[in-house]
Amino acid sequence: MLKGIPVSPGVAISKALFLQNSTVNTEKKSITKEQIALEQKKLETALEKTEEQLTELHQQLLESVGEEQASIMSAHLVLLKDPAFIDEINNHIENDLIDVSSAVQMAADQFVQLFESLDDEYMRERATDIKDIANRLISNILGKNDKQTIDTKEAFILVSDDLTPSETVTLPREQVEAIIVAKGGKTSHAAILARSLGIPAIMGVGDQLANEVKTGDNLIIDGSTGKIYINPESSLIHKYQEKQQEEKAEKEELAKLKDKKATTRDGNEIELVANIKGPQDAEEVLQQGGEGIGLFRSEFLFMDRTSLPSEEEQYEAYSQVVKKLGNRPVIIRTLDIGGDKHLPYLDLPEEMNPFLGWRAIRISLSRPELFQVQLRALLRASAHGKVRIMFPMISHLEQIQEVKRILEETKKQLTAENIAFDPEIEIGVMIEIPSACLIADELAKEVDFFSIGTNDLVQYTLAVDRMNEKITDLYDHFHPAVLRLIKMVIDASHRHNIWTGMCGEMAGDLQATEILLGLGLDEFSVSPTLLPRVKHQLLQLSTEKAKQVAEKTLSLGTSKEVLEYITASH
Ligand code: PEP
Ligand code: MG
């Protein structure tokens, strides 16, 4: 048995097919000064050809599988056209006097190294995207077609050392039952694709994968646990076949709830919305029956690239989501960078305590020129639907007052320029720092809603770094201190006639649903794939009973007691 990171749930039982990597080898050749122009011309032609291919692939994907997969190719187009990347290639040709393919390889290696050195998992995994683009570009320069063909008509479990997005999107979907990759993690594009296609997948298995698994081996993989069984016994196959059947039945049951409202047994209508990273996720929210977006993490528009997105680019991305969602609310959070999320092109200093440092709203308020570009784009997008703006990491009352001042100034600018926006646009703060919970009454007077970010609230309340594996046992949203802070926030919001949602991971924890309902939470914002399960849970619950459960848990001293109590109360 091997184990990797479970990235897309589901059981698959099938034969392995090992896909060899299609990297293009380049041999470094020296050139003379007179040949520089020729090599640069070759680059130009190859860039054009690559752009055409990516555009075509984007279109094909849009028609065949949807926006989310297609957006990976648009991200590649952005990287391909990035002036920093192209300048670097030209620099190598001119200064190192080497041929264009080697120059591409060198520039790509530099960017790969830069991305791989970042702390943020998501950014690290973008290195694979750069390798993918460089391979495509070099193949076009050399006039090679390196696509590996799969010559079997049977279904199989795809096994690979590394899987680039290009390889993933060109896989024969009907035949691929599951994907196992030695490298990568939850946010690599292959994982994102597998999830959106509903293909079970395990990543980050490590080097043993190539040693242990060969083409033709019988495999069982469990995408929920990350377990891979190689040539298993028939009793185990039987067990997993049953599990597969159960999963299928559950999926069908949940699919029936798609158009139902998330109303509790005693008629309490809860707003059930989703968290997204960008326009590519919007379709999935609708497919899973989401009633809107509770958290659009705008910082993802700033990643995957080497310079800041312009007002126009941001406006395009925000309006795309807003238009897609029709009349449904879309809460967009302003840039939350710093902490574990870095931007290589924003000169963020190394800090002793990045989570307590220059992060999120603190950066926005100290760089108002960047902040206003985002606010302008958000306000402009609000002309197309129901946009709400949310501000991350508010710890001081003055911060939201300053934010409102800048927002008003931005509205005035737009009015003077005759640009349309929603003058009644609602604003909210994320409650993710204990100080914000403790001054929730004061904050509530300033805004239209709260959204509790438990991912950070837990780390700040318990002083437990959310990224540190050594102390994950201590990171716990059932800690009574966290529950009591949540209650404080919800009560304060209701005293001031505003509502409270939750967009941290706790909102999608089915064990927590009853407590949160009982504490009076008005909105649950969860990852799109969790929407049907949370809805199913809410439909079973009664608010009155949930209130009693919540009340009782507030009197307990440890999360163990809380969990024992909620398990026993069912
Ligand atoms: C949170 O802190 O709970 C949250 C939703 O924000 P993020 O995970 O993006 O920090
Ligand atoms: Mg947060």
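Keep in mind that this is a model prediction, so the values were computed, not measured. Quick note: residue numbers are just sequence positions, from 1. Order of listing sets the numbers, starting from 1, for every ligand and every atom in it.
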Discussion item. Between Phe355 and Tyr460, does the ring-ring contact (aromatic ring centres under 6.0 Å, His included) criterion hold? Intermediate values first, please.
Written reply: CA-CA 9 Å; Phe355 275 113; Tyr460 295 130; 7.0 Å; no
Worksheet item: Shortest non-hydrogen contact from Asp509 to Phe478?
Response: OD2-CE1, 3.5 Å
Discussion item. I'd like the contact residues of ligand 1, where contact means a heavy atom below 4.0 Å.
Written reply: Leu295, Arg297, Arg333, Asp336, Lys341, Arg359, Met430, Glu432, Gly453, Thr454, Asn455, Asp456, Arg466, Cys503, Gly504
Discussion item. I'd like to know whether Lys386 forms a side-chain contact (heavy atoms from CB on, under 4.5 Å) with Ile425, so could you lay out the CA-CA distance, the side-chain angles of the two residues, the decisive distance to 0.1 Å, and finally the verdict.
Written reply: CA-CA 8 Å; Lys386 205 190 255 176; Ile425 191 162; over 6 Å; no
Item to complete: State whether Arg305 and Asp82 are salt-bridged, where the test is any N-O pair (Lys NZ or Arg NE/NH1/NH2 against Asp/Glu carboxylate O) under 4.0 Å.
Response: no
Item to complete: Look at the aromatic rings of Phe371 and Phe391 and report parallel, tilted or perpendicular, splitting at 30° and 60°.
Response: perpendicular
Discussion item. I need the protein N, O or S atoms closer than 2.8 Å to the Mg ion (ligand 2), given as residue plus atom name.
Written reply: Glu432 OE1, Asp456 OD2
Discussion item. With no hydrogens and no angle check, just 3.5 Å: does a side-chain donor-acceptor pair link Gln374 and Thr334?
Written reply: no
Worksheet item: Do we see a donor-acceptor contact under 3.5 Å between the side chains of Ser527 and Asn275?
Response: no
Worksheet entry | Beyond-backbone contact of Glu271 with Asp522, side-chain heavy atoms, under 4.5 angstrom | no
Practice prompt. Please step through side-chain contact (heavy atoms from CB on, under 4.5 Å) for the pair Ile293 and Val273, ending with a clear verdict.
Written response: CA-CA 5 Å; Ile293 307 291; Val273 291; 5.9 Å; no
